[in-house]
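Working notes, beginning with the structure itself.
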Amino acid sequence: MDPVASPSMPAPPHDPSDLQRRSIAHVWHPCTQMQRLHAAPPLPIARGQGPWLYDTAGQRYFDANSSWWVNLFGHADAGINAALREQLDTLPHVMLAGCTHAPAVELAERLSALTGGVLGHAFYASDGASAVEIALKMSFHAWRNQGRPAKREFVCVEHGYHGETLGALAVTDVAVFRDAYDPLLMRAHRVRSPDARQARTGETAAEVATRALEEVRRLFEDRHEHIAAFIVEPLVQCAAGMAMHDATYLRGLRALCDAYEIHLIADEIAVGCGRSGSFFAFEQAAANGEAPIWPDFICLSKGISGGYLPLSLVLSRDAIYRVFLDDEVARGFLHSHSYTGNALACRAALAVLDRFEQDDVLARNRVRAAALSTALAPLADDVRLEHLRQRGMIWAVDVREAFAGERFAERFHLAGRRHELLIRPIGRSVYLMPPYLVDDELAHWLAERLRATLDEVLETQRSPWNPDAAATPDPATA
């Protein structure tokens, strides 16, 4: 598709301010300081097509962050639409307590098969935070059922994000989300992030990971009799500003958790479903030529339903599942919600898996990633920027503090709209996590629009750094 041309049937012209006013008057928007909506009013979106969103006035925007990392194959995808229409005419929903249905069963089977059968059971939920809550509860309850109730502590990674319900927030280390509710939260252990941007002079990303693992080892040695599980975002800590780490960190965690009898929870809510370059990010933990290694739990959400319907799930090892089997009801895992395993959502997820198989999505994504990386490469020479990095279908670069100015993220978001981008930086980290629809032409268009937005927003003061320093390779991309 020509990135400059608009597809057919544009949205009819409409006054966008009407919907904006009504939304501000009655909708409490997520992750938003409502007081700021006068300065950054919500975009009134009327429709979507492919990677584009259109507002009520017909203006288009490229969905550069995949609508909070959920959209894989574009908006209004014909294949997923058709699957949902068929399911809608057959069975939209039935409770999964005491009943079952084909979409829930087939989805669980196919996801287990993607782990080689190692994680054999799927427990369904509605959103990422709920999946994390489930994994935490399952871990503690499994240890209790095995006669080890003292194992009730959890370990999380510095700057990690796992959701905003109370259990998930307890293992989240992002102050703006956590601090207001800190009195309500259980206490978790926090360990150093393996973020490769922390590399010392001459240090590799793998060496940063090794330093971080040593802190984990010391904690486990001291508290392993009380620790139930360690939770980690494999390869990319997204809410930390797309902080990327070497895969040796995952390999080391698996070995330490085995040695000290601690469950390992992989939060793949954002990095799963191909975002990191493999379907599950944790697949990259095994060294070349070695057998796959897996965590004890995988949490999935976001992309699993293609950006269509709320769905999350927890995959768990059969050994954990079996410790809940008993004639005593209370030894079972009784977590539930009314829409568990919703048939429509599961059918959307099956359509997503079909697309991965039929279109060889992972192989095609490697070509797409190379095209966008080439288009973005000149950013490495910009003295206003640092730490250009990429993992799979995720790119990020940090704006140096001296150039960012106040309210950088808000100003960048608003400028992006003027350049046909729907993009939301995280602090000073500008990132792209686009739908899997990028070709060479669109990659160059994206790079040009990103550069134009940066030039509009950044201060023009003279750089205090040597321009050659900005071109130094970043360990996160080594």
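Position 1 is the first residue of the sequence; numbering continues from there.
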Side chain proximity check, [X] to [Y], heavy atoms < 4.5 angstrom:
X      : Y      : answer
Leu119 : Ser316 : no
His245 : Val208 : no
Leu184 : Leu169 : no
Leu111 : Leu300 : yes
Phe297 : Ile134 : no
Leu376 : Val397 : no
Asp382 : Leu388 : no
Val399 : Phe412 : no

Checking [Y] against [X]: is there a side-chain donor and acceptor pair closer than 3.5 Å?
X      : Y      : answer
Asp195 : His159 : no
Ser67  : Asp63  : yes
His263 : Ser139 : yes
Tyr161 : Asp267 : no

Heavy-atom donor-acceptor pair, [X] side chain to [Y] backbone, under 3.5 Å:
X      : Y      : result
Arg251 : Ala285 : yes
Ser305 : Leu309 : yes
Thr165 : Gly167 : no
Asn365 : Arg368 : no
Gln87  : Arg347 : no
Thr453 : Arg449 : yes
Glu133 : Ala129 : no
Arg331 : Asn145 : yes

| Would a line drawn from the ring center of Trp395 to the ring center of Tyr431 be shorter than 6.0 Å? | no
| query | Taking the six-membered ring where the residue is Trp, are the ring centres of Phe73 and Tyr308 under 6.0 Å apart? | reply | no
| request: Report the C-alpha separation of Leu458 and Leu385 in whole Å, then their side-chain angles, then the decisive distance to 0.1 Å, and conclude whether the side-chain contact (heavy atoms from CB on, under 4.5 Å) test is met. | output: CA-CA 10 Å; Leu458 296 185; Leu385 309 175; 4.3 Å; yes
| task | Output, in order, the C-alpha distance, side-chain angles, deciding distance and verdict of side-chain contact (heavy atoms from CB on, under 4.5 Å) for Ser312 and Tyr124. | result | CA-CA 6 Å; Ser312 67; Tyr124 293 109; over 6 Å; no
| Can you list every salt bridge (charged side-chain N to carboxylate O under 4.0 Å, His left out) pair that touches residues 289-305, not counting sequence neighbours? | Arg254-Asp296, Asp296-Arg317
| Contacts of His121 that satisfy ring pair (Phe, Tyr, Trp, His ring centres under 6.0 Å) - sequence neighbours left out | Tyr321
| said: Test of understanding: with ring pair (Phe, Tyr, Trp, His ring centres under 6.0 Å), list the residues that count as partners of His141, not counting sequence neighbours. | reply: Phe324
| field | Derivation and outcome, salt bridge (Lys or Arg N to Asp or Glu O under 4.0 Å), residues Glu214 and Arg217 | value | CA-CA 5 Å; Glu214 178 56 26; Arg217 186 197 63 77; 2.5 Å; yes
| Candidate list Leu256, Ile265, Leu219, Val157, test side-chain contact (heavy atoms from CB on, under 4.5 Å), partner Phe230, passing option | Val157
| query | Considering the options Leu107, Ile80, Asp77, which one meets the side-chain contact (heavy atoms from CB on, under 4.5 Å) requirement together with Val352? | reply | Ile80
| request: Mind running salt bridge (Lys or Arg N to Asp or Glu O under 4.0 Å) on Lys151 and Glu261 for me, showing each step along the way? | output: CA-CA 10 Å; Lys151 291 178 76 67; Glu261 296 184 288; over 6 Å; no
| field | Check against salt bridge (Lys or Arg N to Asp or Glu O under 4.0 Å), Arg110 and Glu106 | value | CA-CA 6 Å; Arg110 291 174 67 176; Glu106 185 180 348; 3.3 Å; yes
| query | Do NZ/NE/NH1/NH2 and the carboxylate oxygens of Arg178 and Asp182 come within less than 4.0 Å? | reply | yes
| task | Before accepting this row, confirm whether a basic side-chain N of the pair Arg364/Asp360 lies closer than 4.0 Å to the acidic partner's carboxylate O. | result | no
| field | Glu268 vs Arg275, salt bridge (Lys or Arg N to Asp or Glu O under 4.0 Å): CA-CA, chis, key distance, verdict | value | CA-CA 10 Å; Glu268 300 227 0; Arg275 291 290 186 194; over 6 Å; no
| message | Atom CZ of residue position Arg152 - does it have more than 12 heavy atoms of other residues, nucleotides or ligands inside 6.0 Å? | response | no
| task | Give the ring-plane orientation class for Phe333 versus His335, where under 30° counts as parallel, over 60° as perpendicular and anything between as tilted. | result | parallel
